[in-house]
Amino acid sequence: MSNMMELRQKVLEKNFSRMNQRQQEAVFHVNGPLLILAGAGSGKTTVLINRIANLIRFGNAYHSQNTASLTEEDCAAMEAYINGSAPLEPGTKARLAVNPCQPWQVLAITFTNKAAGELKDRLEAMLGEEGRDIWASTFHSTCARILRRYGDRLGFTNHFTIYDTDDSRRLMKECQKALNIEDKSLSYKTILNEISHAKDRMISPDDYANAAGADFRLGLVAKAYKLYQSRLSEADAMDFDDLLCNAVQLFLKCPDVLEYYQNRFRYIMVDEYQDTNHVQYLFVKLLAEKYKNICVVGDDDQSIYKFRGATIENIMSFEKSFPGAKLVRLEQNYRSTKNILAAANAVIENNLERKGKTLWTENPEGEKIALHTAFSEADEADYISKKILDGVAAGKKYADYAILYRMNSQSNTLEKVFVKSGVPYRIIGGLRFYERKEIKDLIAYLSVINNPSDEIRLRRIINQPKRSIGDKTISQAAEIAASIGESLFYVISHADEFEPLKRTAPKLLAFAGLINQLISLSSTARLNELYQAILMKTQYIEKLKESENDDAQDRIDNINELASNLIQYEENNGEDTTLEGFLEEVSLMTDIDNYDGNTDAVVMMTMHSAKGLEFPCVFLPGFEEGIFPGVQAIYTPGEVEEERRLAYVAITRAREELTILNAESRMIFGSTNHNKASRFSAEIPEELVNKSRAREWKKPIPGTVLPVSSHESRSASVNAARHFGPAGISQPHKPTDSYRVGDSVRHKAFGAGMILSATPMGNDTLLEIAFDGVGTKKIMANFARLTKE
DNA sequence: CCCTGGCCGCTTTTT
DNA sequence: GCGGCCAGGG
C-alpha cells in the first residue's frame with residue numbers, strides 16, 4: 001500500500017512540477033495553519049493558485065495514507081503518467097483525491113481589488129467554471145458582503161452606505177461643530193486617527209471614554225467618537241474601519257453567524273499578511289478557529305503600511321497564534337537580475353527587526369544599477385525622459401517603464417517634462433477618479449436615491465448645482481430633524497409644515513420632489529437611464545458649461561466616463577445589477593484596480609501603490625535624505641526601517657533595469673532644498689552600481705521650460721492625461737504635419753488662435769500660436785488637443 | 001445667498 | 001504650491 005501512496009505522491013509532484021520544491025511543500029500542506037514567507041518575486045501568487053487548485057482537485061491526497069479509492073488499473077495508469085507514456089486519465093485523476101473541498105469553501109483574501117481580480121482570473125483559467133465559486137476578495141469587500149447579509153443583527157439595514165474618507169471627514173467636521181471643538185485645538189484629522197486606532201483595537205466609544213478618564217483632550221475625542229458613531233448609525237452608514245470591526249463585532253455577538261461562516265470557509269488564505277492590522281487578524285482568527293485551515297502569505301520585509309495600523313507583529317507571531325503552524329520560506333526569485341536582487345538584499349540587511357531571509361535567483365547578472373545625480377528635479381525628469389526615449393528608439397515599449405516615487409506631488413515635474421517631450425504616460429493614484437468633485441457629486445445623487453437617510457451625501461448635493469439653498473437653511477432643517485426624530489430628508493420633503501423653513505420651502509420641496517421622482521424612477525429604470533435622468537433633471541452639465549470653468553470639459557469627460565462605468569457594470573452583472581451593488585463596488589475601488597498595463601504608456605505611481613507589480617525597467621527618483629527617507633522618519637529608527645522596507649519593495653519591482661536618482665537641489669512645498677543623497681542608495685555595494693551625474697549646468701534650452709504657466713498646463717493637457725481609462729492616455733504619435741502656419745485653430749483652454757510657427761521636434765511639433773485675447777503660447781501639437789476652425 | 005480674494009497652514013503612504 | 005477656510009462685498 002505504501003507503494004500506492006508513493007506512486008500517488010509522484011503523480012502529484014509531476015502534476016505540480018512547475019513549482020519548485022519549497023513551493024510544492026506549500027501547495028501540498030493543506031491541513032492546519034501554514035505560514036509562507038514569500039520574498040519578492042518568489043511566485044507567491046502562483047503558489048496560492050496552485051494550492052487552491054490542489055485543495056479542490058486532490059484535497060489532502062499528498063499526505064494522506066488512505067489509498068482506498070484507487071484501483072489496480074489506476075496504479076498502472078499512474079505509472080504510465082510518470083513515465084510520460086500516457087496522460088492522466090480523468091477517472092484516475094478524480095480517484096486520486098482524498099477529501100477534496102468545494103470551490104465555495106475557499107476564501108482568499110487579498111489586499112487590493114486588483115489582486116483579488118487577478119486571483120479570480122487565474123483561478124478561472126486554471127479550474128474553469130469551478131474557479132468562479134471561490135470567494136476571492138479584499139478584507140473590506142468580504143466584510144461588506146457579510147454585513148450586507150447579517151448587518152441587521154447590529155441594527156443596520158442591508159443597504160447601508162459605505163462612507164469613504166471624504167465622507168468621514170465631512171461628518172467629523174459636523175461633529176466638531178456640534179460639540180464646539182475648534183479644529184485648531186483638536187483637528188478632525190487627529191480625532192479620526194484616534195478613532196481609527198480605537199476601532200482597530202475594538203475599543204467602543206464607551207470604552208474609550210472610560211479609558212480617557214480625566215484627560216481633557218481624550219475626553220473630547222471620546223465625545224466626538226461617540227457622536228460620530230451615532231451619526232453614522234442614524235445615516236445607516238459605516239466607514240472603512242467599521243466594515244472590519246462590525247464584522248468582528250457580528251461574529252462575537254452572534255455565534256450562529258460565526259459558525260455559519262466557519263463551516264462555509266473551510267480553507268482560508270490571506271495574501272500580504274504583513275500588512276494586516278489587529279482587527280483583520282481578529283477577523284481571520286475567528287473564521288479559522290474551528291478548522292484551523294489557515295494559510296497566510298507574507299513578507300515581513302515588505303511591510304509598508306504601519307502608518308495605517310498594520311502590525312508586523314501579526315506575521316512575527318503567527319506561529320504563536322496558530323500553534324503547530326508549518327513555515328515555508330520561498331527565497332528563489334524569478335523576477336529580477338542578480339544585480340538588482342543583490343542590491344535589494346544589501347539594503348534590507350540594514351534592518352534589525354526582521355525574520356531574515358536572503359533572496360537568490362538563477363536569472364542572469366544583468367546590467368549594473370544606474371545611480372544618477374541630477375541638478376534639479378526638472379533635470380532629473382529630463383534625464384528620465386531621455387532614457388525612456390532612447391530605450392524606445394532601441395525597441396522597448398513605453399509600458400516597459402515605471403517611475404516610482406515617494407510622494408504623489410513628485411509626479412508634477414515628471415508630467416510637465418513628459419508632456420513636453422512627448423512621452424505617453426499614465427499616473428496611478430493621486431487625485432483619483434472617484435475622488436473628483438463632479439464624480440463624488442453624482443455618486444452622492446445615486447447614494448441619496450438608494451438611501452435618502454444618508455445625510456452627509458444629501459448635504460453634499462442639496463445645493464449642487466446651486467439651488468439657492470444655503471448653509472443656514474440646511475442647519476435649520478437639520479435641527480428640526482433632530483428635534484422631531486426624523487431624517488433630514490423627511491424635513492425637507494415636508495418643508496412647508498415647519499414655520500422656520502417657510503421662506504425657503506418652495507426650493508426645498510422642489511429638491512425633495514426631484515429626488516422622489518428619481519427614487520421612483522430607480523425602481524424601474526436601468527442604471528444608466530437613471531444616471532442620465534439625474535443629469536437631465538439637475539442640469540448638471542449645463543450648469544457646468546455656464547460656469548466657464550477652465551476644466552469644465554475635463555469634468556464633462558469624467559461624467560461621461562462614469563456613464564460608461566455604469567454601463568460596464570450593467571454588462572458585467574446582467575440580471576443581478578443593482579444600484580446598491582454598483583455603489584458598493586465604487587466605494588471600495590481605487591485607481592490601481594484599474595491599471596491594466598495593456599496600453600503603451602509609461603506608468604507613474606507611488607512606491608506604495610507599486611507593491612505587487614513588476615516592470616522591466618524602473619526609475620526611482622528622489623532618493624534623497626528628507627524625501628526618502630522623509631523628514632518625519634529620519635530621527636526615528638523604527639520609521640527609517642519602514643522606509644527602508646519601502647525601498648526594498650521599490651527596488652524589487654524591477655526585472656531588468658533599475659535607475660536610482662537624486663537631485664542636488666529640489667523645489668519642495670514651495671521652497672528649494674539641497675538634499676544629500678539617500679542613505680539607501682549608499683547601502684548598495686559599489687560594485688553593483690554605475691554612477692553618473694549631470695556634468696554641467698546647462699541653461700534651459702528653449703522648449704525645456706513649459707511654455708504655458710503651471711495653472712494653464714494643469715487644466716489643459718495634464719489633466720487630460722490623468723483621466724480614467726484608456727481615453728486618458730496621452731497619445732504622442734498622431735500625425736502632426738497637418739498643422740500649417742496661418743491655420744486657425746481652437747484650444748480648449750485658450751480659445752481661438754492662429755498658428756505663427758510650427759517646428760518639428762522628435763515625433764511632435766512645437767507650435768507657436770497667437771490666441772485671441774490670451775497672447776502667444778508655445779504648445780506641443782500632440783498634447784494641445786487643438787481643433788481646426 | 002453667492003462669489004471672490006486673501007490668508008493660512010500643511011505637505012506620505014490607502015481600504 | 002496648493003487647497004481649504006473665512007471674511008467681506010455684491
Side-chain angles (χ1 to χ4, degrees), chain A residues 109-116 137-144 162-170 173 177 182-184 187-189 193 196 199-200 238-245 272 275-277 279-280 303-310 377 404-413 428-432 434-435 437 462-474 503-504 507 547 584-593 605-612 622 626-633 639 642-643 645-646 649-650 667-673 709-711 714:
Chain A
I109 304 181
T110 62
F111 214 65
T112 62
N113 298 306
K114 179 172 187 275
S137 61
T138 63
F139 271 105
H140 292 269
S141 43
T142 306
C143 290
I162 300 170
Y163 274 12
D164 67 12
T165 355
D166 185 61
D167 299 320
S168 301
R169 213 192 70 211
R170 282 161 182 264
K173 283 184 174 175
K177 239 184 231 164
E182 285 287 320
D183 197 69
K184 276 169 204 152
S187 70
Y188 68 88
K189 265 187 173 172
N193 241 322
S196 182
K199 286 180 179 171
D200 184 19
M238 300 186 196
D239 67 15
F240 283 142
D241 296 319
D242 284 335
L243 288 176
L244 290 155
C245 71
E272 309 282 15
D275 287 327
T276 51
N277 62 21
V279 223
Q280 288 167 336
S303 159
I304 53 174
Y305 285 107
K306 198 173 159 193
F307 71 92
R308 66 169 192 212
E377 78 273 20
L404 313 178
Y405 34 74
R406 181 67 238 267
M407 311 179 269
N408 280 121
S409 59
Q410 284 175 265
S411 67
N412 288 333
T413 320
I428 310 288
L431 225 206
R432 287 191 286 275
Y434 285 104
E435 282 168 13
K437 285 168 221 101
I462 193 165
N463 199 30
Q464 197 61 244
K466 299 265 143 48
R467 298 189 179 87
S468 294
I469 302 173
D471 271 350
K472 235 180 158 183
T473 311
I474 298 168
R503 218 180 323 154
T504 41
K507 288 167 188 156
S547 76
E584 174 159 332
E585 190 169 294
V586 157
S587 59
L588 296 174
M589 179 117 107
T590 63
D591 258 17
I592 188 90
D593 303 328
M605 66 179 99
T606 63
M607 301 180 197
H608 281 88
S609 311
K611 198 183 63 173
I627 304 271
F628 188 47
V631 254
Q632 5 50 243
E639 302 266 296
E642 170 114 345
E643 298 273 288
R645 289 193 290 271
L646 186 54
V649 169
M667 169 92 112
I668 193 120
F669 307 138
S671 57
T672 305
N673 292 51
S709 81
S710 65
H711 170 73
R714 269 181 64 78

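Numbers restart at 1 for each chain; the letters A, B, ... are given by sequence-line order, proteins then strands.
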request  = Give, for atom CD1 of A:I462 and atom CD1 of A:I474, the distance between the pair rounded to the nearest 0.5 Å.
outcome  = 5.0 Å
ask   = Looking only at atom C1', what distance separates C:dC5 and B:dT12, rounded to whole Å?
value = 23 Å
ask   = Quick one: side-chain hydrogen bond (donor to acceptor under 3.5 Å, both in side chains) partners of A:D241, sequence neighbours excluded?
value = A:S196
query = Does A:K189 place a side-chain N or O at less than 4.0 Å from the phosphate oxygens OP1/OP2 of B:dT11?
reply = yes
message = From CG of A:D166 over to P of B:dT14, roughly how many Å is that when rounded to an integer?
response = 16 Å
task = Could I get the full list of salt bridge (Lys or Arg N to Asp or Glu O under 4.0 Å) partners for A:R308, not counting sequence neighbours?
result = none
query = Under the side-chain hydrogen bond (donor to acceptor under 3.5 Å, both in side chains) test, which residues partner A:K199, sequence neighbours left out?
reply = A:Q229, A:D239, A:D242
message = Expressed as a whole number of angstroms, how long is the span from A:K177:NZ to C:dC5:C1'?
response = 11 Å
ask   = Can you check whether A:N113 has a side-chain N or O nearer than 4.0 Å to OP1 or OP2 of B:dT15?
value = no
request  = Give the C-alpha distance, both sets of side-chain angles, the deciding distance and a yes or no for side-chain contact (heavy atoms from CB on, under 4.5 Å) between A:E377 and A:Q410.
outcome  = CA-CA 9 Å; A:E377 78 273 20; A:Q410 284 175 265; over 6 Å; no
request  = Using atom CG of A:L244 as one end and atom P of B:dT14 as the other, report the distance to the nearest whole Å.
outcome  = 18 Å
message = I'd like to check the salt bridge (Lys or Arg N to Asp or Glu O under 4.0 Å) partners of A:D164; sequence neighbours left out, ordered by chain and number.
response = A:K440
task = Send over the distance from A:N277 CG to B:dT15 P, rounded to a whole Å.
result = 14 Å
ask   = Atom CD of A:E272 and atom C1' of B:dT14: how far apart are they, to the nearest Å?
value = 13 Å
note = Ranking B:dT15, C:dC5, B:dT13 by distance to the side chain of A:K173, first place goes to C:dC5
Atom pair distance, as rounded to whole Å: CZ in A:F139 and P in B:dT14 = 18 Å
request  = Would you mind telling me which of B:dT13, B:dT15, B:dT14 lies closest to the side-chain atoms of A:N408?
outcome  = B:dT13
query = Among C:dC5, B:dT15, B:dT14, which is the nearest nucleotide to the side chain of A:Y305?
reply = B:dT14
ask   = Which parts of nucleotides 1-7 of chain B does protein reach within less than 4.0 Å, heavy atoms only, written one letter per nucleotide 5' to 3' as B for base, S for sugar-phosphate only and - for none?
value = SSS----
remark   = From CG of A:L588 across to P of B:dT15 the rounded distance in Å is 10 Å
task = Identify whether any heavy atom of A:M607 sits under 4.0 Å from a base atom; if not, whether one sits that close to sugar-phosphate; answer base, sugar-phosphate or nothing.
result = nothing
request  = Classify the side chain of A:R406 and the base of B:dT13 as holding, or not holding, a donor-acceptor pair under 3.5 Å.
outcome  = yes
Intermediate values then yes/no, side-chain contact (heavy atoms from CB on, under 4.5 Å), A:K611 and A:I304 = CA-CA 9 Å; A:K611 198 183 63 173; A:I304 53 174; 3.9 Å; yes
Any A:T165 side-chain nitrogen or oxygen under 4.0 Å from OP1 or OP2 of B:dT14 = no
task = Starting at atom CD of A:Q280, determine the distance to atom P of B:dT15, rounded to an integer number of angstrom.
result = 12 Å
query = If you measure from the ring centre of A:F307 to the centre of the six-membered ring in the base of B:dT13, is it under 5.5 Å, with the planes under 30° apart?
reply = yes
message = List the residues meeting ring pair (Phe, Tyr, Trp, His ring centres under 6.0 Å) with A:F139, not counting sequence neighbours, and say none if there are none.
response = none
